[in-house]
Amino acid sequence: MKTKRLVILLSIFALLILIVILSSTLFSLSKVELAFLEVPTNYTIKNSQDIIASGDFNYNRSIFLVNKDAHSAKIEAQFPNLKVVNIETKFPNKLVVQVVERQEFLALYQFDIDKYYVVDGDMKILRIVDNALAVSGIAQCMVTQDLQNYKVGDFIAYDKETTILSELASAFWRCGYSEKEMNALVKSVYVDNVNKELTISTYCKFRFTIKAPETKLAEKLFAGNNAVFGDKGVGEDFVGEILVYENSKEHKIYANAILNG
């Protein structure tokens, strides 16, 4: 009985402390700062206040009650080219919004409306253009999904194609390529859902054909890349196909260089 009474008293005491903390002006939000985790190319310190203002932060409210996801969504809605990585709480009363610039990864092309939807690795639309010259230097990929109802700032819904393409962004990153470095190498990408292949055409004279790209894509891309640029690779002047596949019995990934002709 005494134990139960003690638990009740401790619970009431803890609740009172919580109320005091939440209502204390010491923990009321008074300052929000912006921090770029990478050196930006399209923004400067002059944009900081506009970016912070777009988050619609509730100043003088308890820092413990901040809905960080909601503020992140508001910032990204007004600044589609920014990604809020984290909102860090700095006690007692400050928040630091940590952001990076989204990088253009692919230009998704929809043939029937002749438009290009430039996306980052998260499949977020950064811009929409109807001029092929406007996407020169960005790897292009024809898609079957209907994109015409999407607008800048939207995330494209995942289907078989876009799931693989999103994984491809991560795979290139794991292989040491930034988006810019990837686009310096890759001319176009094609997802063949019928034959379950991913074809990556390069500005060199070779292409990667990756079998079953829905599994172990990073490992397969690494194997293909190593078959070209590794110590025993064929070199970037190779003319032909790098066929990458997994032997299901051996559970081993192979990358074979096949000459054209």
Side-chain angles (χ1 to χ4, degrees), residues 103-112 114-123 132-145 147 156 158-261:
Q103 302 298 319
E104 296 182 343
F105 173 59
L106 288 175
L108 305 183
Y109 179 64
Q110 187 164 353
F111 175 78
D112 55 342
D114 195 24
K115 286 187 181 296
Y116 296 87
Y117 294 75
V118 180
V119 299
D120 72 345
D122 294 329
M123 297 294 111
L133 292 176
V135 294
S136 61
I138 304 173
Q140 298 179 19
C141 179
M142 185 177 293
V143 293
T144 57
Q145 185 178 159
L147 304 178
I156 295 176
Y158 282 98
D159 59 8
K160 289 183 179 179
E161 284 179 314
T162 49
T163 297
I164 291 172
L165 295 175
S166 181
E167 288 296 323
L168 182 62
S170 176
F172 268 109
W173 181 82
R174 290 174 61 184
C175 288
Y177 288 84
S178 67
E179 289 85 349
K180 290 182 179 179
E181 290 169 332
M182 186 279 293
N183 274 296
L185 172 67
V186 178
K187 183 177 182 180
S188 65
V189 176
Y190 177 66
V191 180
D192 185 342
N193 287 316
V194 176
N195 295 311
K196 295 184 178 181
E197 293 180 348
L198 173 66
T199 301
I200 302 172
S201 299
T202 72
Y203 284 104
C204 301
K205 295 181 180 181
F206 67 87
R207 68 182 183 276
F208 298 105
T209 298
I210 299 177
K211 296 285 188 178
E214 67 277 2
T215 59
K216 300 182 181 180
L217 182 54
E219 291 87 341
K220 291 174 180 176
L221 181 63
F222 180 83
N225 189 69
N226 193 55
V228 178
F229 301 107
D231 292 338
K232 297 181 179 179
V234 294
E236 63 182 23
D237 293 329
F238 174 75
V239 180
E241 176 185 28
I242 306 297
L243 180 63
V244 187
Y245 63 96
E246 180 180 18
N247 185 305
S248 58
K249 292 183 179 179
E250 299 177 359
H251 299 289
K252 186 175 179 180
I253 295 173
Y254 291 92
N256 298 333
I258 304 172
L259 279 168
N260 281 348

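Starting from 1, each residue takes its place in the sequence as its number.
- Between the CG atom in L147 and the CD1 atom in I156 there is a gap of 5.0 Å [rounded to 0.5 Å].
- In terms of modelled atom types and a separation under 3.5 Å, the side chain of E161 and the main chain of T144 share a donor-acceptor contact.
- What you find for A223 and V244 is that their closest heavy atoms are CB-CG1, 4.5 Å.
- For the pair A257 and F238, the tightest heavy-atom approach, listed with the atom from each and the gap, is CB-CZ, 3.8 Å.
- Annotation for L165 and F105: closest pair O-CE2, 3.4 Å, computed over non-hydrogen atoms.
- For S136 (side chain) and L133 (main-chain N/O), a donor-acceptor pair under 3.5 Å exists by modelled atom type.
- Of all non-hydrogen atoms in V194 and D192, the two that sit nearest each other are N-OD1, 3.0 Å.
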### Task
Could you please spell out the steps behind the side chain to side chain contact (heavy atoms under 4.5 Å, CB included) verdict for K196 and K211?
CA-CA 6 Å; K196 295 184 178 181; K211 296 285 188 178; over 6 Å; no
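- Nearest heavy-atom pair, E104 versus I138, reported as atom, atom and distance to 0.1 Å: OE1-CD1, 3.0 Å.
- Looking only at atom types and distance, the side chain of T209 has no donor-acceptor partner in the side chain of E197 under 3.5 Å away.
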### Task
Check the pair R174, F222 against side chain to side chain contact (heavy atoms under 4.5 Å, CB included), reporting the backbone distance first and the verdict last.
CA-CA 8 Å; R174 290 174 61 184; F222 180 83; over 6 Å; no
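- A perpendicular orientation is assigned to the rings of F172 and Y177, their planes being inclined by more than 60° (bins at 30° and 60°).
- Looking at K160, its side chain never comes within 3.5 Å of a backbone N or O of E214 through a donor-acceptor pair.
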